[in-house]
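Note that the coordinates shown come from a computational prediction; the quantities given were computed from them, not determined experimentally. By convention here, the first residue in the shown sequence is residue 1. Order of listing sets the numbers, starting from 1, for every ligand and every atom in it.
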Amino acid sequence: MARLVMKFGGTSVADLDRIRNVAAHVKREVTAGHEVAVVVSAMSGKTNELVALCRGASVLHDAREYDAVVASGEQVTSGLLAIVLQDMGVNARSWQGWQIAIRTDAAHGAARIAEIDGALLVERLQMGQVAVIAGFQGIAPDNRISTLGRGGSDTSAVAVAAAIKADRCDIYTDVDGVYTTDPRIVPKARRLDKVSFEEMLEMASLGSKVLQVRSVELAMVHGVRTFVRSSFEAPDSVRVMPNGDPYGTLICDEEEIVEQQVVTGIAYSKDEAQISLRRVADKPGVAAAVFGPLAEANINVDMIVQNISSDGKFTDITFTVPLADYERAVSVVKSSDSFEFESLESATDVCKVSVIGMGMRSHAGVAAAAFKALAEKSINIRAITTSEIKISVLIDAAYTELAVRTLHSLYELDKA
Ligand code: ASP
Ligand code: MG
């Protein structure tokens, strides 16, 4: 007997037929003798629809009421799944965030989970009842419903798994695991059996949309064995790995990965915008003057490039911000009076392509090889950032596919 958390995303609960399919997956685990807590997303498209309704109601809507509206999508699917399970003879009960309670901080719309009391859930699980939990939502210190930011059901699932000390957290989705890169761009992309928490964290933050970043952080902190697997496999004949693990990708400790590759995956993100300030005074305090107001405006600056000036007086500063914050970032910079610059240039048709791998820590030349391969395809690099386990380059968006394919084969990720 094991204690499992099974999480199903929006496409897996898109309609009643799919919900029945999900219920069959749940029933399989219950019949196998496991204790099961399920976490569900809203039906696919639902959250977008609810977000649009809030915007339509008022562009500058109250974040608490936004949460009241958008949390409803998960309330519906948790109730529906409980009904379908009961209909199949499975003892099941739905739970909303506040009923458990999943306590969050006060950041409505992008709240972080502060604490989950797992006692009530565990009691029910031990009585043989399946808990069907609405993902994405919790309860803020003001006792109002909060939501965890887009994609937040992953985080709900991992947090619940940690709270009830589950043996495993299975994230069921529309793909059968984490791939070396987006298979829509590189058909030869391979499913990875295992990825380390650190690499998955980079992949999630750098554009791979499989898991919400925060869920990976939580899994890492609490050591939750998290599997990404497909909900589209026939529930009664799911594949298993030779060691009995689910067929999919295990996100785990680095130590568990025996054959460590130098490069594990290539991620990309088109949600970037580049801003360059020409001829900014080169003196102490300028970077603080530029980036301070952006931070105050809650704009996340990612890549930053500053040159050593040739005349000791002026320099150029280039940085990137999320595409959604681009207009705001430009106006923050332009309205700041604590520094001067000659001109502002910007580009929104850019893409950040990243090479990720723990092996980079101990292998030289990974970056140089990437730059050479991109040069051979005449792809110009606008900016570069690196960390111990990743290299990111900013390029013209038009070259995204070519760059991803080039790097994917450069590091022999096509090969089994
Ligand atoms: N339904 C929410 C969203 O679409 C949360 C989730 O699906 O993870 O962002
Ligand atoms: Mg998701």
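Look at Glu254 and Arg361 and you find a salt bridge, because one of the NZ, NE, NH1 or NH2 atoms lies within 4.0 Å of a carboxylate O, short of that distance.
Checked by atom type, the side-chain pair His25/Ser231 shows no donor-acceptor distance below 3.5 Å.
Every residue two or more places apart in sequence or in another chain was checked for a side-chain hydrogen bond (donor to acceptor under 3.5 Å, both in side chains) with Lys194, and none qualifies. Among residues two or more places apart in sequence or in another chain, the side chain to side chain contact (heavy atoms under 4.5 Å, CB included) test is passed with Val51 by Thr47, Arg55, Tyr66, Val70, Arg150.
Under 4.0 Å from ligand 1, the heavy atoms of Glu74 that appear belong solely to its side chain.
Polar contact with ligand 1: present for Thr47 (N/O pair, distance under 3.5 Å). The shortest N or O to N or O distance between Gly151 and ligand 1 is under 3.5 Å.
Crowding of Arg144 atom CZ: a count of heavy atoms from other residues, nucleotides or ligands under 6.0 Å not exceeding 12.
Of all protein heavy atoms, the one lying nearest to atom 3 (C) of ligand 1 is Arg150 NE, 3.3 Å. Protein heavy atom nearest atom 6 (C) of ligand 1, with residue, atom name and distance: Ser153 OG, 3.3 Å. For atom 7 (O) of ligand 1, the closest non-hydrogen atom of the protein is Ser41 OG, 3.0 Å.
A cation-pi geometry, defined here as NZ or CZ lying under 6.0 Å from the six-membered ring centre and within 45° of its normal, does not hold between Arg184 and Tyr179.
For the ligand labelled ligand 1, residue Gly152 lies inside the 4.0 Å heavy-atom shell.
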